[in-house]
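Taking it in order: structure first as C-alpha cells, then the write-up.
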Amino acid sequence: MRHADVIVLGAGIVGVSVALHLQERGRRVLLVDRGEPGAETSHGNAGLIERSSVVPYAFPRDFATLAAFASNRSIAVRYRPATLLRMAPWLARYWRNSAPARLDKLGRAILPLIERCIEEHNHWTKAAGTEALMRSGGWIELYRDRRGFEQATRAASDLQSYGLAYDVLDDQNLHHREPGLLPDAITGAIHWRDPATVTDPGAVTRAYAALFAARGGIVAKADAQGLRQEHPGWRLPTEAGEWQASEVVAALGPWSKELYGRFGYRFPLGFKRGYHMHYEIASQLAPRHPLCDARAGFVLTQMQRGVRLTTGIELAGRDQPSDTWQLDRAEEIARGIMPLGRRLDAEPWRGARPCLPDMLPVIGRAPRHPGLWFAFGHAHHGFTLGPATGRLLAEAMTGAPTFCDMAPFAAERFLAK
C-alpha cells in the first residue's frame, strides 16, 4: 500500500492544475487518469484562454435566434431530437438562468476566475517550457452581415465597464490584420485583444503534467470507478499498485457523473458536444489570430498540425455516434472565408463539454463525504479556467484564504433543490 495526501482523479487541464497547485503547497499528490494527460476534452478545443469572456455563454432569449435553432438547420447549434426531449428540464433551467438579472449575478460570480485566467497559465509557462506554444494578441470575431456586425459593435460597447481592450474593424483594417481572408467574405469584425491563445492545448496540458512529475509528483493510470471510501480516507487501485489518501479530488470533466453518482449525488450535468478537423494552408495565408464566425459558431485557428476548425454546439448524448453534418457545413463556410487545403485528419475529433444549467462549475467539498472534493462542469471554458480553478481549490483544501468567494460554486446549490 502506497500513501499520498491527495489523489486527483482526471488528468485534463483542471485535474493537472489542481495537482500542481496542491503540490506547490506541500501536498504529496497522486494524479491518475485512465489515459494520457490532456488526451480528451483538454486536447480538442480552440486553444483560447478567454480573458474577454466576462458574460457567461447564455441561452438565447430572442425569438429569431430561437426559431433558427428550433429548425435544427443552424450550424452554430445542432441537436438530436431524442436528446432534446431528455434535456428539456435542463434547458428550461438554463433558459431561466439566462435572464438578464440572473446572468449578471452569475457572470460576476465567475469573473474573478476569468480575470486570473492568463496570469494562472503564465504561472507555469516558463517552468513547463510552453512559451513557444503561447500567443498574445487575442482573437477576432467575424461578421458576414451588416446587421450582426452593428449589433456586435453595440454589445462590445456595453462591456466597457470591464476594461476590456477591443478594436472594431472595417473590411480594410481586418484584411491588414488577416491578409489570408478571401476578398468580400466579411463585413466587419471585433478584435478582442485581451485573450491569449495556444497552438496545441493538449501539449500544454501534457507539459503541465510533466512539470508536476518533474517536481516529484506521481502520475499513474487507473479507473476512477475503483475508488473506495475507507474510514478515514480513500483507497484506489492503479496500474502501479494500491494507493491510499486522506483526500480525493474528482476532476473528471464529462465523466464526472459516473463517479459522483456512485456516492449518491445528483447534479444536472449536460453535454455540449463539439468537433474539430485540421486543414492544410499556405503559411503566408494562415490565420494570425483565432477567427470565430459569429453566426455559424465555429473557430479557425492555426495549430501546430495545421488550421483547426472547431465547431459550435451539438446537443447529444456524450457517447452517441458522431454526426458530421455540422462540421461539413461549417467547412463549406470556412472555405469561403480562407483558402483551406485538404483535410489532415482521417476522422473528425469529437468531445463533450460538461455543462451545468447555471453556467458555473462545481468547485468545492462534497457535502456528505469528508475528504472528497469536486472540480467539474466548466462548459466552454475548461482550458481557460483550469489553472485558476486549481489555485482556488488548493487554497480551500489547505486552509488558505481563497482569492474569491466559493459559495456560488458549491455543490449544495443543486442538492438543496
Side-chain angles (χ1 to χ4, degrees), residues 40-48 57-60 62-88 90-91 94-95 139 141-145 148 181-182 185-186 201 253-254 269-281 287 290-303 305-355 379-380 382:
E40 296 286 355
T41 315
S42 297
H43 160 75
N45 58 77
L48 298 178
Y57 196 99
F59 195 103
D62 63 287
F63 179 78
T65 303
L66 289 171
F69 290 171
S71 72
N72 210 18
R73 303 297 295 175
S74 167
I75 299 171
V77 178
R78 177 95 167 146
Y79 61 85
R80 307 285 178 94
T83 302
L84 197 67
L85 290 173
R86 289 196 300 271
M87 290 186 69
W90 187 94
L91 291 168
Y94 184 18
W95 184 83
W139 62 282
E141 197 168 31
L142 306 177
Y143 291 87
R144 290 179 280 120
D145 65 280
L181 288 169
L182 296 173
I186 303 299
L269 191 66
F271 305 105
K272 297 179 183 178
R273 302 204 315 183
Y275 299 81
H276 83 223
M277 174 60 66
H278 293 96
Y279 301 84
E280 281 186 340
I281 194 169
L291 304 173
C292 175
D293 185 287
R295 178 189 291 180
F298 64 81
V299 177
L300 291 168
T301 184
Q302 180 65 29
M303 295 284 183
R305 179 164 170 74
V307 174
R308 177 180 290 184
L309 187 159
T310 56
T311 66
I313 295 166
E314 183 191 35
L315 297 177
R318 185 191 63 194
D319 301 319
Q320 281 186 276
S322 296
D323 178 354
T324 65
W325 185 92
Q326 198 173 23
L327 177 65
D328 294 340
R329 301 292 85 72
E331 181 182 316
E332 289 179 10
I333 295 173
R335 289 189 181 278
I337 293 173
M338 300 206 78
L340 299 178
R342 66 183 181 92
R343 289 186 172 191
L344 296 177
D345 305 324
E347 297 290 339
W349 178 91
R350 187 193 77 223
R353 308 172 184 99
C355 304
H380 297 261

* Asked: Between Arg343 and Glu280, is there a side-chain N and carboxylate O pair less than 4.0 Å apart?
  -> no

* To do: Please test Met87 against Phe271 for side-chain contact (heavy atoms from CB on, under 4.5 Å), starting from the C-alpha separation and ending with a verdict.
  => CA-CA 10 Å; Met87 290 186 69; Phe271 305 105; over 6 Å; no

* Are the side chain of Tyr79 and the backbone N or O of Ala70 linked by a donor-acceptor pair below 3.5 Å? -> yes

* Counting distance only, does the side-chain N/O of Ser74 pair as donor-acceptor with the main-chain N or O of Val77 below 3.5 Å? -> yes

* Please state whether the rings of His380 and Tyr57 are parallel, tilted or perpendicular, taking 30° and 60° as the class boundaries. => parallel

* Asked: For the atom pair CD (Gln320) and OG1 (Thr83), what is the distance rounded to the nearest 0.5 Å?
  -> 4.0 Å

* To do: Mark yes or no for whether Thr65, through its side chain, and Asp62, through its backbone, hold a donor-acceptor pair below 3.5 Å.
  => no

* To do: Show the numbers, then the answer: is there a side-chain contact (heavy atoms from CB on, under 4.5 Å) between Tyr275 and Asp323?
  => CA-CA 9 Å; Tyr275 299 81; Asp323 178 354; 4.3 Å; yes

* Heavy-atom check, side chain of Leu269 versus side chain of Cys355, under 4.5 Å -> no

* **Parallel, tilted or perpendicular, as decided by the 30° and 60° cut-offs, for the rings of Phe59 and Tyr94** => perpendicular

* Asked: Do the non-hydrogen side-chain atoms of Met338 and Leu300 ever get within less than 4.5 Å of each other?
  -> yes

* What pair of heavy atoms forms the shortest contact from Arg80 to Ala316, and how long is it? -> CG-CB, 3.6 Å

* Asked: So does Trp349 have more than 12 non-hydrogen atoms from other groups sitting under 6.0 Å from CH2?
  -> yes

* Structure fact -> Separation between NZ (Lys272) and CZ (Arg353), nearest 0.5 Å, reads 8.0 Å

* Please confirm whether the backbone N or O of Gly47 pairs with a side-chain atom of Asn45, one donor and one acceptor, at under 3.5 Å? => yes

* **Where Thr310 and Ala46 come nearest, the two heavy atoms and their spacing** => OG1-CB, 3.7 Å

* **Met277 CE to Arg305 CZ distance, which is reported to the nearest 0.5 Å** => 9.0 Å

* Structure fact -> Closest non-hydrogen atoms of Ala294 and Glu141, given as atom of the first, atom of the second and distance, are CB-CG, 4.0 Å

* Just do the side-chain contact (heavy atoms from CB on, under 4.5 Å) check on Asn72 and Leu84 with the steps written out, would you? => CA-CA 11 Å; Asn72 210 18; Leu84 197 67; over 6 Å; no

* Asked: Quick one: OG1 on Thr301 to CG on Leu309, what's the gap to the nearest 0.5 Å?
  -> 10.5 Å

* To do: With the side chain counted from C-beta on, respond yes when Leu315 and Leu91 share a heavy-atom pair under 4.5 Å apart, and no when they do not.
  => yes

* If every non-hydrogen atom of Asp319 is compared with every non-hydrogen atom of Arg273, which pair is closest and at what distance? -> C-NH1, 4.1 Å

* Do any N or O atoms from the side chain of Asp145 and from the backbone of Gly148 form a donor-acceptor pair under 3.5 angstrom? -> yes

* Asked: Where do Cys292 and Trp139 come nearest, in terms of heavy atoms and distance?
  -> CB-CZ3, 3.4 Å

* Could you give me the CA-CA distance, side-chain angles and deciding distance for Ile333 and Arg144, then say whether side-chain contact (heavy atoms from CB on, under 4.5 Å) is met? => CA-CA 10 Å; Ile333 295 173; Arg144 290 179 280 120; 3.8 Å; yes

* Asked: Can you find a pair of side-chain heavy atoms, one from Leu181 and one from Ile337, that are under 4.5 Å apart?
  -> yes

* **Euclidean distance, Ile281 CD1 relative to Leu344 CG, rounded to 0.5 Å** => 11.0 Å

* First locate atom CG of Leu142, then atom CD1 of Ile186, and finally report the distance between them rounded to the nearest 0.5 Å. => 4.5 Å

* **Cationic N near anionic O, under 4.0 Å, Glu314 to Arg350** => no

* To do: Check Arg342, Glu331, Arg308 against Tyr279 for a side-chain hydrogen bond (donor to acceptor under 3.5 Å, both in side chains) and give me the one that passes.
  => Glu331

* Examine distances only and state if a side-chain atom of His278 and a backbone atom of Val307 form a donor-acceptor pair shorter than 3.5 Å. => no

* **Pro354 side chain reached by Arg318 side chain, heavy atoms, under 4.5 Å** => no

